[in-house]
Amino acid sequence: MAKQIEQLDRVIIRFAGDSGDGMQLTGDRFTQETASFGNDLSTLPNFPAEIRAPAGTLPGVSSFQLHFADHDIVTPGDAPDVLVAMNPAALKANIADVPRGATVIVNTDEFTKRNLRKVDYTVDPTTDGSLDAYKVSAVPLTSLTVEALADCDISKKDAQRAKNMFALGLLSWMYNRPTEGTTSFLKSKFAGKPDILAANLTAFQSGWNFGETTEDFAVSYEIKPARLPSGTYRNITGNMATAYGLIAGSERSGLSLFLGSYPITPASDILHELSKHKRFGVRTFQAEDEIAGVGAALGASFGGSLGITTTSGPGMVLKQETVGLAVMTELPLIIIDVQRAGPSTGMPTKTEQTDLLMAMYGRNGESPVAVLAPSSPADCFDAALEATRLAVTYRTPVVLLSDGYLANGSEPWKLPKVSELPEIVPGFASEPNGDDGRFLPYKRDEQTLARPWAIPGTAGLEHRIGGIEKHAETGDISYTPTNHDLMVRTRQAKIDTIAQDIPPLEVDDPTGDAKVLVLGWGGTYGSITAGVRRVRRGGSRIAQAHLRHLNPFPQNLGEVLGRYDRVVVPEINLGQLALLLRGRFLVDVIGYNKVRGLPFKAEELADVLQEVIDRG
């Protein structure tokens, strides 16, 4: 049967099922093939907070959303064009997000009375007319998979587990995705299990063949590659990009990288990735707790290495005393906080932006640190590299505020040329710097106010780094009030000085006469950008800017804020950046705040921005 191929410019697909159904693997494989095809893409993995929620229940639903297109895109999309629901729980948890007319593929084998009761369906939604607003394809994925694997030497249970590969094959046919990458992946993953390998390959191919031959799917779709700037690209997650950025910082500075970390969702992948790169001189230490992790990292910095620690909100709380010690000793230390919903354990797999004030002020006394945030998964590389540059150059702790959405999401990343990466010069002390021939560990560089960094054991550079408070040059313990006041002001001045070494805030204001500015930070960039594009397509004028450097702010931020009648600040918190802007610049910014554990939708932001514009 000849089938029609329809051209599309974009599509959003969401795979959803039980946490044991392999939805993350399925989505990841579809993403990798889409990346190799050359589409622009953005993903949103969404998995349960529980390690193993009861099968078939709403808390156990895992999903993976992929938005891919033949043009530049910046978000995983607001709503899926296609929902693949592997069981009733997946359908019930996601159907509210699906627009009328969209395609819903349901695995009818799982719509048993028992599974329906688990999610309070009194009747089967696939037969009672409640899905009439959608294009429903009822496919017995499980039984088709078991039938396809009848000749494979595996148990029925193992055969049923391969249904995600059948679904992947079907969707790969529907959207003309390459198959070679998935085939190679399966051969590598199950190289030592030939029976399981054969079953998964057969299921994948059977899903493809089903799409090709069944009358249920008369149309397949084609999305042409996107026109991206020339270069070499790879698909990358935020956590992987962060790890690569830290390695690049280590290489450009000539410092050995030491990571002291305690596993915590959603930051653990950075530890996992860095542990693979010992050939670059990377050393990873999985500590017994958060405090030990940051303590080891600070010790590594004291010894002349690039000390790094990774965590999320709950661990950030525990690390703060040692971060304060790093402020006192004025040593480079990178603290990566992959923010998640809180407080305490909260929703550990969900995203938020609620740690900004803690990063700024979460220590005793006046203990300033540099704070910056990436804006996209790929931007995590550049942000991590910038964090390294600031920490080493200014001898200061730097907090990098990523978040769960950026950490787990992925997008194409253009590999940079090494020659384009900034050179980072540690400038270790090599000889005494005092007039009397002594080494003064707190005698500062006039430009950066950074103190000398002397590796312990260097001949002639024996020194103290103080404790409660130290003398402004010698590092000896000091109880003098005037010295304490000088040291507190000097440490603040050092952070303030960084503003001279960062680029001015860029504003996207095409017409130059917009009255409203939308200002964001961190992982809201994609949603804000998509919302701004919608507003402009509607004929309204609006300016956009996004902050990477949060402490210190760019030098021109006050001037930028003063250009506009109204400033809107969307945040996935209750207004933390808005509070800082009001206090620093006396600008009555308009906050738009939600804390649902999910990114903003572009449509909702567009509506909010248009409402502000219409106020006149």
Side-chain angles (χ1 to χ4, degrees), residues 28 32 35-36 181 184-185 187-189 191-192 231-264 266-287 292-311 331-336 338 374 377-393 398 400 402 407-408 410-428 453 455 457:
D28 181 68
Q32 296 301 331
S36 68
S184 298
F185 168 81
K187 288 179 179 179
S188 173
K189 181 177 179 63
T232 301
Y233 288 81
R234 62 156 295 168
N235 186 50
I236 199 166
T237 66
N239 273 347
M240 182 175 287
T242 299
Y244 287 0
L246 296 173
I247 294 172
S250 171
E251 291 291 303
R252 296 302 284 173
S253 64
L255 299 173
S256 60
L257 188 159
F258 178 90
L259 176 71
S261 182
Y262 180 74
I264 185 171
S268 299
D269 287 340
I270 303 173
L271 168 62
H272 301 159
E273 184 61 35
L274 285 175
S275 67
K276 302 175 184 177
H277 298 285
K278 295 180 176 63
R279 64 186 182 280
F280 290 108
V282 173
R283 290 172 293 172
T284 54
F285 168 54
Q286 181 173 317
V294 67
L298 181 58
S301 292
F302 179 66
S305 295
L306 180 61
I308 302 166
T309 190
T310 54
T311 191
L331 287 167
L333 177 67
I334 300 172
I335 308 101
I336 298 170
V338 185
D379 187 53
C380 288
F381 175 89
D382 295 313
L385 184 58
E386 172 71 349
T388 304
R389 184 183 73 86
L390 295 181
V392 172
T393 303
V398 176
L400 180 63
S402 181
N408 296 312
S410 65
E411 65 179 355
W413 172 53
K414 182 182 178 182
L415 273 65
K417 296 179 180 178
V418 174
S419 60
E420 297 173 348
L421 303 180
E423 185 178 3
I424 303 171
V425 182
F428 288 118
W453 191 6
I455 298 178

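Just so it is clear, the model here is predicted, and its values are computed rather than measured.
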Check your understanding: Do the side chains of Arg252 and Pro422 get nearer than 4.5 Å, heavy atoms only?
Key -> no

Exercise for review: Look only at the side chain of Thr242 and the backbone of Gly238, and say whether a donor-acceptor pair between them is shorter than 3.5 Å.
Suggested key: yes

Check your understanding: Can you check side-chain contact (heavy atoms from CB on, under 4.5 Å) on Leu246 and Thr388, steps first, answer last?
Key -> CA-CA 7 Å; Leu246 296 173; Thr388 304; 4.2 Å; yes

Check your understanding: Looking at CZ of Phe381 and CG of Leu421, how far apart are the two atoms once the value is rounded to the nearest 0.5 Å?
Key -> 5.0 Å

Review point. About how many Å separate CD of Glu386 and CD1 of Ile334, when rounded to the nearest 0.5 Å?
Key: 10.5 Å

Study note, to complete from the structure: Smallest heavy-atom separation, Ile455 atom then Gly304 atom, equals CG1-CA, 4.2 Å

Point to revise | Side chain to side chain, Val338 and Ile270, heavy atoms closer than 4.5 Å | key: yes

Check your understanding: Is Thr309 reaching over with its side chain to a backbone N or O of Gly260, donor-acceptor style, under 3.5 angstrom?
Key -> yes

Check your understanding: Between the main-chain N or O of His272 and the side-chain N or O of Ser275, is there a donor-acceptor pair closer than 3.5 Å?
Key -> yes

**Study point:** Interatomic spacing from CZ in Arg283 to CG in Leu259 - rounded to 0.5 Å
**Key:** 11.5 Å

Exercise for review: Check Ala241 against Cys380 and note the closest heavy-atom contact, atom names and distance.
Suggested key: CB-CB, 3.9 Å

Review point. Does Ile247 reach the side chain of Leu274, with side-chain heavy atoms less than 4.5 Å apart?
Key: yes

Practice item. Nearest 0.5 Å please: distance from the CG atom of Leu306 over to the CG atom of Leu333. Key: 9.0 Å

Review point. What heavy-atom pair brings His277 and Tyr244 nearest, and what distance separates the two atoms?
Key: NE2-CE1, 3.8 Å

Review point. Looking at Pro412 and Asn235, what are the two nearest heavy atoms and their distance?
Key: N-OD1, 4.1 Å

Review point. Would you call the rings of Trp453 and Phe428 parallel, tilted or perpendicular, where under 30° means parallel and over 60° means perpendicular?
Key: tilted

**Study point:** Polar side-chain atom of Thr393 near backbone of Leu390 as donor-acceptor pair, under 3.5 Å
**Key:** no

Exercise for review: Taking the side chain as every heavy atom from C-beta outward, state whether Ser305 and Ser256 have any atom pair closer than 4.5 Å.
Suggested key: yes

Study note, to complete from the structure: Interatomic distance, CG@Asp379 vs CG@Leu385, rounded to 0.5 Å, equals 11.0 Å

Review point. Which atom pair, heavy atoms only, marks the closest approach of Ala287 to Tyr262?
Key: O-CD1, 3.3 Å

Review point. By side-chain hydrogen bond (donor to acceptor under 3.5 Å, both in side chains), which residues pair with Ser301, not counting sequence neighbours?
Key: none

**Study point:** Reported OG1-to-NZ distance for the pair Thr284 and Lys278, which is rounded to 0.5 angstrom
**Key:** 5.0 Å

Practice item. With sequence neighbours excluded, give me every side chain to side chain donor-acceptor pair (under 3.5 Å) pair touching residues 412-421. Key: none

Point to revise | Verdict with reasoning, Asp269 to Asn408, per side-chain contact (heavy atoms from CB on, under 4.5 Å) | key: CA-CA 9 Å; Asp269 287 340; Asn408 296 312; 4.3 Å; yes

Point to revise | Passing option when Ser261 is tested against Ile308, Ile336, Thr310 for side chain to side chain contact (heavy atoms under 4.5 Å, CB included) | key: Thr310

Check your understanding: Does atom CZ of Phe258 have more than 12 heavy-atom neighbours, drawn from other residues, nucleotides or ligands, at distances under 6.0 Å?
Key -> yes

Review point. Any sub-3.5 Å donor-acceptor pair from Asn239's side-chain atoms to Glu273's backbone N or O?
Key: no

